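Treat the numbers as computed from the prediction; the structure is a model and nothing was measured.
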Amino acid sequence: VQLQASGGGLVQPGGSLRLSCVTSGTIFNVISWYRQAPGKQRELVAAISSGAYTNYADSVKGRFTISRDNAKNTVYLLMNNLKPEDTAVYYCKTRLGPDDYWGQGTLVTVSS
């Protein structure tokens, strides 16, 4: 099981980024995006099921959109109206049986 996250970068406040998480050939049920800011615990940002049901942290509702393209084994996180407090390393994760599998993380920095 492999997950490859990409799409991070430096963006000004109010800007947008789209993160991608490409998974290995298996189609997973729930895929989640987490983030970890310096000195803080990792937190759930958004999740999407195979049936495209979604869940968001209150802090990103209305600004972030999670979606998936099963044909491409890819989950996206579109982040709009980014704020400095969104700065973090973003990770995608899935669960297979009792085990969690994480991507390597992609850094998002929101700064002017």
TODO: Examine distances only and state if a side-chain atom of Thr94 and a backbone atom of Ile31 form a donor-acceptor pair shorter than 3.5 Å.
DONE: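 A pair under 3.5 Å: no.
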
TODO: Any ring pair (Phe, Tyr, Trp, His ring centres under 6.0 Å) involving residues 3-22? Give me the pairs, sequence neighbours left out, ordered by first then second residue.
DONE: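 Output for this query is empty, none listed.
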
TODO: If a pair satisfies ring pair (Phe, Tyr, Trp, His ring centres under 6.0 Å) and one of its residues is in residues 52-88, list it, with sequence neighbours excluded.
DONE: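 For residues 52-88: none.
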
Task: Single-linkage hydrophobic cluster, 4.5 Å side-chain cutoff, Val1 and Val75 together - done: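 Val1 and Val75: one cluster.
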
TODO: Name all residues meeting the side chain to side chain donor-acceptor pair (under 3.5 Å) criterion together with Glu43; count only those two or more places apart in sequence or in a different chain, and write none if there are none.
DONE: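 Here the qualifying residues are Arg35.
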
Task: Contacts of type side chain to side chain donor-acceptor pair (under 3.5 Å), residue Asp69, not counting sequence neighbours - done: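 None.
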
Got a sec, which residues hit salt bridge (charged side-chain N to carboxylate O under 4.0 Å, His left out) with [X], two or more places apart in sequence or on another chain?
X: Arg18; answer: none
X: Arg42; answer: none
X: Asp100; answer: Lys93, Arg95
X: Asp58; answer: Lys61

- [ ] May I have all residue pairs that pass side chain to side chain donor-acceptor pair (under 3.5 Å) and include part of residues 101-112, sequence neighbours excluded?
- [x]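 Those involving residues 101-112 do not exist here.
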
- [ ] For Val89, check side-chain contact (heavy atoms from CB on, under 4.5 Å) against everything at least two apart and list the hits.
- [x]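 Applying side-chain contact (heavy atoms from CB on, under 4.5 Å) to Val89 gives Tyr91, Leu107.
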
Task: Partner residues of Lys40 under the side-chain contact (heavy atoms from CB on, under 4.5 Å) criterion, sequence neighbours left out - done: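 Lys40: side-chain contact (heavy atoms from CB on, under 4.5 Å) contacts with Ala37.
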
Open item on the list: For residues 81-112, which residue pairs pass the disulfide (SG to SG under 2.5 Å) check, not counting sequence neighbours?
Closed with: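 Those involving residues 81-112 are Cys21-Cys92.
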
